[in-house]
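Reviewing the structure listed below.
Heavy-atom basis, side chains included; hydrogens, waters and symmetry copies ignored. As the structure is a computational prediction, the values presented were derived from the model and not from experiment.
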Amino acid sequence: MTTQQIAERLVELCREGEFETAQKELYANEAVSIEPRATPGFDKETKGLDAIIEKGHKFDQMVEESYGITTSQPLVTGNSIAIALTMDMAMKGRARGSMQELCVYQVKDGKIISEQFFM
């Protein structure tokens, strides 16, 4: 797949809330995930597809209810993809709110090798 094709498929799956499907389909086994900062629940950096998928499961367990997900159209330049992602949700024990991130991905050999989130 080209970077543009990966970007289009990634956005399609993210809009459906199918993050794990996107990871399994589009990510390299040695992919890296980088958060804005370390938190008590999550390291700043997660290495490896299995660990990234597990991180997603951990996040899902923290969500009380999801009300919707929106993404921008992907911006593709060379081997880089950027999308704006907004999740309308209620985390357990918290009021409903909106989480907005800029998500930046790097592609190599037809697979996503890194994702980095900015808030």
Can you give me every donor-acceptor pair (side chain of residues 41-50, partner residue at least two apart or in another chain, under 3.5 Å) with its distance?
residue, atom, partner, partner atom, Å
K44, NZ, E35, O, 2.9
K44, NZ, P36, O, 3.2

- Item | Worked check of side chain to side chain contact (heavy atoms under 4.5 Å, CB included) between M99 and M119 | CA-CA 8 Å; M99 185 174 81; M119 298 178 97; 3.5 Å; yes
- Enter the distance from K58:NZ to Q61:CD here, rounded to the nearest 0.5 Å. 9.0 Å
- Note on the structure: Here the gap from I53 atom CD1 to Y27 atom OH, rounded to the nearest 0.5 Å, amounts to 9.5 Å
- Item | Side-chain heavy-atom pair R96, M91 within 4.5 angstrom cut-off | no
- Message: Do S66 and M87 make a side-chain contact, defined as non-hydrogen atoms from C-beta onward lying under 4.5 Å apart?
- Response: no
- Closest non-hydrogen atom pair between L26 and I6, with its separation: CD1-O, 4.0 Å
- Set of salt bridge (Lys or Arg N to Asp or Glu O under 4.0 Å) partners for E20, sequence neighbours left out: K24
- Check side-chain hydrogen bond (donor to acceptor under 3.5 Å, both in side chains) between T86 and all other residues, then give those that pass, not counting sequence neighbours. none
- Nearest 0.5 Å please: distance from the CD atom of E8 over to the CE atom of M1. 8.5 Å
- Query: Shortest non-hydrogen contact from P74 to I81?
  - Reply: CB-CG2, 4.2 Å
- Task: Treat each ILVMFWY residue as a node, draw an edge where side-chain heavy atoms are under 4.5 Å apart, and state whether V76 and F117 are in one component.
- Result: yes
- Check for a donor-acceptor pair, side chain of R15 on one end and backbone N or O of T71 on the other, with a separation under 3.5 Å. yes
- Note on the structure: By side-chain hydrogen bond (donor to acceptor under 3.5 Å, both in side chains), E30 pairs with (sequence neighbours left out) none
- What are the two closest non-hydrogen atoms of L13 and A22, and how far apart are they? CD1-CA, 3.5 Å
- Taking the side chain as C-beta and beyond, is there a heavy-atom pair between F118 and V104 under 4.5 Å? yes
- M62 and Y67: same hydrophobic cluster, using ILVMFWY side-chain contacts below 4.5 Å? no
- Can you list every side-chain hydrogen bond (donor to acceptor under 3.5 Å, both in side chains) pair that touches residues 98-107, not counting sequence neighbours? S80-Q106
- Could you check if a side-chain atom of I112 sits within less than 4.5 angstrom of a side-chain atom of L10, using non-hydrogen atoms only? yes
- Item | Min side-chain heavy-atom separation I69-F19 under 4.5 Å | yes
- Query: Can you list every pair that meets salt bridge (charged side-chain N to carboxylate O under 4.0 Å, His left out) and has a residue in residues 107-119, with sequence neighbours left out?
  - Reply: none
- Got a second to check how far I83's CD1 is from T70's OG1, nearest 0.5 Å? 10.0 Å
- Kindly give the heavy-atom pair with the smallest separation between A31 and I52, and that separation in Å. O-CD1, 3.6 Å
